[in-house]
Number of protein chains: 2
Amino acid sequence: MRGSRRLHGVIDPREKTLSSEHNDNGRRSTMRDVATMAGVGIATVSRVVNGKPVTPDLAERVKRAAELLGYRQDLTASSLRRADRRTHTLGLVLEDAANPFSAALHRAVEDAAAEHGMLLLAGSTDEDPVRERGLLKTFAARRVDGLIVVPTGQNDTDLDAARRAGTPVVCMDRRTTAPQVDAVTVDNRAGVQAAVKRLHAAGHRRIAFLGDLRTIWTAEERYAGFVKGLAEAGCVLHRSLVRRDLHGVEAAQEATRELLALAHAPTAFISGQNLLTVGARMALQELRLQHRVALIGFDDLPLAGLLEPGISVIAQDHAAIGREAAGLLFDRLDGERGPARHRVLPTRYLARGSGEIPAAEDR
Amino acid sequence: MRGSRRLHGVIDPREKTLSSEHNDNGRRSTMRDVATMAGVGIATVSRVVNGKPVTPDLAERVKRAAELLGYRQDLTASSLRRADRRTHTLGLVLEDAANPFSAALHRAVEDAAAEHGMLLLAGSTDEDPVRERGLLKTFAARRVDGLIVVPTGQNDTDLDAARRAGTPVVCMDRRTTAPQVDAVTVDNRAGVQAAVKRLHAAGHRRIAFLGDLRTIWTAEERYAGFVKGLAEAGCVLHRSLVRRDLHGVEAAQEATRELLALAHAPTAFISGQNLLTVGARMALQELRLQHRVALIGFDDLPLAGLLEPGISVIAQDHAAIGREAAGLLFDRLDGERGPARHRVLPTRYLARGSGEIPAAEDR
DNA sequence: TACGTTCGGCGAAACGTTTCCAGCCCTGCT
DNA sequence: AGCAGGGCTGGAAACGTTTCGCCGAACGTA
């Protein structure tokens, strides 16, 4: 009986007529089909597919049959049964995949994941906790092996719930109040603080601050750095020069216009996010003040160096952030069980001109 | 027997002691656990989870049990058994997730996918056909419902193979030689052609062209538009002013420097890709020629409008490209069986200054 | 009251894979 | 020559879910 199915190394074209991809029923070929055609047991096919040791003769037969049938392993079925139950998939929760900052993080994580044979499932929250929650839910339902999240900051219990359910979680770019979750951030405070000192040293006394939504952890940190920097420089914090909860280019542009229209207008701006920097610069250029009013942005911008003057920024190493986050996650996947770890990466100030404008005598 | 398991609407806390997420074995809770706790059949749990009609009393018991156990449906097992075998996952093959252009496409596709309850699995090829092939393979193994691909152009048989295997494929931004594959592109030729005519009308006679790798379909198309534009304007095509197979900022910068050093240097540049535009502009600024030599780039850049002069570009609507591509794919998923369709979207010229510089009398 | 019909719940089969286990053959040793 | 042991192989169970087929209860009608 088994002998009649065996092909002894020769593939019998009558056994399966299809040239490729589909078997007779229009279904995809399965391991069973391959096993039948090769005249071996289904377990043997599994072994060949997974590179486990098998008699060369059989392995050859299986490979030829698989080739002829256009067999493709079904990883969903595989990970369902596999002992480790790994899906080799990571969930990535970003603020907005279209933002160059998020995109850079995405790519860095992707590269690290690829080294481990993992693929990325990605989604954007737009700072909406409802969307974030939705993403975390479907990621969990798809049984991702781990999560890398730029948290909105309004869903921290969900993050911790995921971790407790057995899915390692790493926060990227921001921290979370969930106490046991790993995180990679940059030293936002120190970065802004140093920038404030620079401006003060250049004579600036009326420094404005543009901040993103206060729900965002980095926005708070950067503002804290601003406050601390002013305090250390012994400089007054003018509440009227602080504009927070700004989101997007237009909001920053409008706020900058308003600040510049004040009787005691600021002589320098610090902007706490890349889109806000763009908005601020647009407003400055409208009024032809880009050479007279200083501007330092947080996070680099693609063409910042080509502008005249160039935009000075507090830069972060996106690739490093993503790489570190992935590293922490893979540690967990390798069994690391210790307490939460926080990696803090340094920022780097890039002097391009706009941050080096001295305070004008008067305006 | 069944009676003893029933809880008649009351959840017995002794039955499962765990507060959440995990059952006693440390495994995740399964439908069977929920069924046992609620005192119903496993099929009933399935119906409740999938929102199919069930007696309110039972449904309530199931929901409470699921809540207590922290039950989360396993979508991998679900799609394995489900009649339609959908994974509700799309595979997205990009050139480079970090490139703002790719990022914008990504986001547009993500939004369209989200409307259909689908998630995105994304990967970057870096124009490497080997990586592309690897991505297509793992996407296939994960049984994505469909593929949206920015093809390298060197793997077209794989694309067609995926389609024949039953996975709808849509090419985005570029076409493929695989005859039966849907595609969304912009009218690259017309865009460049019109730009050439503008430059010619402004008096330019020595127009240089910077092109990306010739394996890339859009690079070829844009060059074709350049050639056609010159021909129609009755202008000579100087081979020495054409530099193709440039990839990345540095290559373009270097090429631009070389062209500007020629005895008969070009008075205008057309650049066929966003990074090349950056490189060209950097070279121009090094030599302080940005006000004297014209430059028109293909594809917009984030800060292009803030530069002095602004960079004129042939812009494409990224969101529309992504949306259209997703639309074509969902048509296929809804059963559309017709021949391949090609959507061609228009480009839009954005005059910002650098493309409006007239040809200098001499230099 | 008896019978036919409908409805909804239940257990079991099935999806495609990996893993367990029993059996086989071959080798090597006594 | 016989037996123990080891390495491969193949059938079957299992993963968590959906779907199928059946059965019992409830209801309406004669």
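First the proteins, then the strands, lettered A, B, ... as listed; each starts at 1.
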Strictly below 4.0 Å, N to O, side chains only: are B/D331 and B/R341 in salt-bridge contact? yes
Atom-pair distance (CG on B/L80; C1' on C/dA13), nearest Å: 13 Å
Could you tell me whether the side chain of A/L120 reaches within less than 4.5 Å of the side chain of A/H106, counting heavy atoms only? yes
Rounded to the nearest angstrom, tell me the gap between atom CZ in B/R61 and atom P in C/dG9. 11 Å
Mind checking whether A/D74 and B/R85 have side chains closer than 4.5 Å, heavy atoms only? yes
Tabulated below should be each protein N or O lying under 3.5 Å from an N or O of nucleotides 17-21 of chain D; please produce it.
residue : atom : partner : partner atom : Å
D/dT17  : OP1  : B/Y71   : OH           : 2.5
D/dT17  : OP1  : B/D74   : N            : 3.2
D/dT17  : OP2  : B/T30   : OG1          : 3.1
D/dT17  : OP2  : B/M31   : N            : 2.6
D/dT18  : OP1  : B/N50   : OD1          : 3.3
D/dT18  : OP1  : B/N50   : ND2          : 2.9
D/dT18  : OP1  : B/Q73   : NE2          : 2.8
D/dT18  : OP2  : B/S46   : OG           : 2.6
D/dT18  : OP2  : B/N50   : ND2          : 3.4
D/dT18  : O2   : B/R81   : NE           : 3.1
D/dT19  : OP1  : B/A83   : N            : 3.3
D/dT19  : OP2  : B/K52   : NZ           : 3.2

Applying side-chain contact (heavy atoms from CB on, under 4.5 Å) to B/R86 and B/R143, what does each step give before you reach the verdict? CA-CA 8 Å; B/R86 290 276 173 90; B/R143 299 290 190 264; over 6 Å; no
Under 4.0 Å protein heavy-atom contact, by nucleotide of nucleotides 23-28 of chain C - B base, S sugar-phosphate only: ------
Does A/T44 put a side-chain nitrogen or oxygen below 4.0 Å from OP1 or OP2 of D/dT9? no
Determine, for A/R175 against A/D182, whether the closest basic-nitrogen to carboxylate-oxygen distance falls under 4.0 angstrom. no
Any side-chain heavy-atom pair from B/T167 and B/F139 closer than 4.5 angstrom? no
Do B/T125 and B/E95 have side-chain atoms, one donor and one acceptor, less than 3.5 Å apart? no
For B/D126 and A/R107, what are the C-alpha separation, side-chain angles and deciding distance, and is it a side-chain contact (heavy atoms from CB on, under 4.5 Å)? CA-CA 11 Å; B/D126 289 328; A/R107 181 59 202 264; 2.6 Å; yes
How close or far is atom C1' of C/dT18 from atom CZ of A/R85, stated in whole angstroms? 12 Å
